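None of the values given here were measured: they were computed from a predicted structure. Computed over heavy atoms, backbone and side chain alike; hydrogens, waters and symmetry mates excluded.
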Amino acid sequence: MSEKRNIVLITLDSVRADHCSFMGYHRETTPNIDRMAREGLYFENAIASEVGTPPSMITIFTGEYSGINPTTDPRPWREVIKNRKTLAQVFSEKGYATGAFNPNAFASSYYGFNKGFDYFEDFLHGSEQGSRGALRRLHAKVFDIVAKQGKKGVFFTLRNFIMFLGKEEIFRSWESYYDLILKWISKVSNPFFLWVLIIDTHHPYLAPRRFRKYSNFFEMWYSNYKLQKVKWRNKLSAREREWLMNAYDDSIRYADSFIGRLWNDLKDFDPIFIIHADHGEGFCEHELYGHGPFLYEEFIHVPLVIYNADVKGRIDKPVSLRGLAPTILELIGEENEFPSGSFLHGGRDWVISKVFEGEKRKVAVRTKDWKFITGQKEEDELYYLKEDPHEQKNVINEYPELAKEMRRIVEIHVKQEMEKRRIREMISRLKERDQR
């Protein structure tokens, strides 16, 4: 039997594909990922299945859409993960040591994402003594209140202040826990599955001084502050928007340096690297900054690279991150245990991405050159990405037959997902009855 391969899965929070240099961006933002892409396999049209870290990562870890309306309430997320098999769980069952390092509180153990991991460091709890330990315990208590109340009120403001003061969550740099990663690896036996979520690319974009190639201290801090002040609306000047994008690009360069350093430090372990983003980021291409419930390219088109596996080259066919878990199992010669399939061979010529906004479902059908979106505006949208990559011209009335066919794909998908949900609910009720 061949030796099992070590696996390193790196999630870059909020990184859009068209700001990565290996994807053709005019700035060198990802020199280390560029080299991995050249020597490994990269995907020109990798599409996030859902927008937002929790739904996207649930889909990645379970091979199924989350089916949840966006909420900070942890209960629905916990319930979904509890009732599904996760990638970490599969690796654990196959004899892997499983570890995770993730400062994003909304993909933490609090929401159930630790299922299947032997070790899960989400920085929400700790045994530190003194003021540092007290601040972290206060942060955990305040976060619990915010999660139940939503992103509003005095506790939300207090949470932001504590995060900034204690360098928690979005203010925690990868360098602050890098040694913990190496320490965990040194203590476990091969093989291992390591997941690291890098949050430095999430707003606010605050790259350290030595990585500020395109921004400076004032422009970086002012543009991030101004975005908060205008509440993510289209109220930044052209110069402020440029400053913000400069800071974002520098934050990507900073995250890329983590990949380069880990790559070098783990050479003796010969791991397979899988690098991706959970979703993208908007800079007001469609009147929105950040990553809200929309399905334009800046939000769903993400980088995806596989390095040091027995696969090389470039795939331009659209692939969904929903197929990432079975793809990883295929890379190590294991059978698929998920409802989705590997995207290394075959598959359809289109993928689906969707988001929920309250009771409103928004669904996109993405092919290599076309994008159909329904539920996002009063009328459906159709874009010819080959000539209109920024989706500025809706050609829904010019290609009625194509729009009709894509609308049919959406209808079939929604029907299938509703049937799956009814079956899961029925099984859940039967289990509850048997336990009485």
Side-chain angles (χ1 to χ4, degrees), residues 9-20 23 25 29-30 33 43-72 77 102-108 111 113 151 169-170 195-205 227 232 245 248-249 251-252 255 274-305 318-325 340 343 351-357 361-366 371 373 375-376 390-391:
L9 175 66
I10 299 175
T11 303
L12 302 174
D13 201 314
S14 310
V15 174
R16 50 194 281 175
D18 63 355
H19 275 245
C20 299
M23 290 293 291
Y25 192 44
T29 53
T30 53
I33 305 177
F43 299 81
E44 289 192 340
N45 292 288
I47 303 299
S49 304
E50 300 183 57
V51 178
T53 301
S56 178
M57 291 311 305
I58 282 180
T59 306
I60 289 168
F61 279 144
T62 69
E64 295 184 70
Y65 295 99
S66 73
I68 299 177
N69 294 327
T71 176
T72 58
W77 305 106
N102 164 28
N104 188 324
F106 294 99
S108 64
Y111 286 85
F113 282 89
K151 298 180 179 180
E169 295 189 55
I170 56 176
W195 175 46
V196 184
L197 187 149
I198 300 297
I199 205 168
D200 303 83
T201 45
H202 189 286
H203 180 269
Y205 321 119
L227 183 61
W232 304 82
M245 293 181 71
Y248 176 68
D249 288 346
S251 76
I252 296 175
I274 301 99
I275 301 156
H276 74 101
D278 51 354
H279 53 77
E281 192 84 334
F283 287 93
C284 225
E285 294 87 351
H286 293 92
E287 304 297 315
L288 182 73
Y289 288 96
H291 43 273
F294 292 91
L295 295 167
Y296 294 116
E297 288 295 280
E298 60 266 27
F299 305 115
I300 67 172
H301 188 196
V302 296
L304 175 60
V305 173
V319 299
S320 168
L321 294 188
R322 181 170 173 256
L324 196 52
S340 54
F343 46 59
V351 296
I352 285 179
S353 182
K354 59 185 179 181
V355 294
F356 291 91
E357 187 176 14
R361 180 192 288 110
K362 305 174 185 179
V363 185
V365 179
R366 171 69 149 74
K371 165 88 79 66
I373 309 174
Q376 190 164 254
H390 303 296
E391 298 160 295

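Here H203 contributes atom NE2 and S251 contributes atom OG; the two are 10.5 Å apart, rounded to the nearest 0.5 Å. Atom-to-atom distance recorded for L197:CG and F113:CZ is 10.0 Å, nearest 0.5 angstrom. In this structure, S353 OG and R322 CZ are separated by 12.0 Å, a value rounded to the nearest 0.5 Å. Rounding to the nearest 0.5 Å gives a distance of 10.5 Å between CD of E297 and NE2 of H390. Taken to the nearest 0.5 Å, the CD atom of E281 stands 9.0 Å off from the CG atom of L288. The distance from the CD1 atom of I60 to the CD atom of E50 is 10.0 Å, given to the nearest 0.5 Å.
Side-chain contact between L321 and T59 is absent, with no heavy atoms from C-beta onward closer than 4.5 Å. Using a 4.5 Å heavy-atom cutoff, the side chains of C20 and Y25 are not in contact. Taking the side chain as every heavy atom from C-beta outward, D13 and D200 never approach each other to under 4.5 Å. Under the 4.5 Å side-chain criterion, counting only non-hydrogen atoms from C-beta, W77 is in contact with P55.
Between the side chains of S320 and S49, at least one donor N or O sits under 3.5 Å from an acceptor N or O. With 3.5 Å as the limit, one finds no donor-acceptor pair spanning the side chains of D249 and T29.
Nearest heavy atom pair, residue P204 against residue I170, reads CD-CD1, 3.4 Å. Taking each heavy atom of L12 and V15 in turn, the nearest pair found is CB-CG2, 3.7 Å. When all heavy atoms of I252 and T201 are compared, the closest pair comes out as CA-CG2, 3.8 Å. The two residues L324 and H276 come nearest to each other via the heavy atoms CD2-CD2, 4.1 Å. In terms of heavy-atom proximity, A48 sits nearest to D278 at CB-O, 3.4 Å. Residues S340 and G323 approach most closely at OG-CA, 4.1 Å, considering heavy atoms.
With hydrogens and angles disregarded, no donor-acceptor distance shorter than 3.5 Å links the side chain of K371 to the backbone of A364.
Checked against the 6.0 Å centroid threshold, Y248 and H19 count as a close aromatic pair. When ring centroids are compared, H291 and F299 stay outside the 6.0 Å threshold.
Every residue was checked against the salt bridge (charged side-chain N to carboxylate O under 4.0 Å, His left out) condition with E298, not counting sequence neighbours, and none meets it. R16 meets the salt bridge (charged side-chain N to carboxylate O under 4.0 Å, His left out) test with D18, E285; sequence neighbours excluded.
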Where do Y111 and T53 land on the side chain to side chain contact (heavy atoms under 4.5 Å, CB included) test, with the steps shown first?
CA-CA 11 Å; Y111 286 85; T53 301; over 6 Å; no
Side chain to side chain contact (heavy atoms under 4.5 Å, CB included) between F294 and V51, intermediate numbers included
CA-CA 7 Å; F294 292 91; V51 178; over 6 Å; no
Derivation of the side chain to side chain contact (heavy atoms under 4.5 Å, CB included) call for I47 and I352:
CA-CA 8 Å; I47 303 299; I352 285 179; over 6 Å; no
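Ring orientation note: the planes of H286 and Y296 are close to parallel, at an angle under 30° on the 30°/60° scale.
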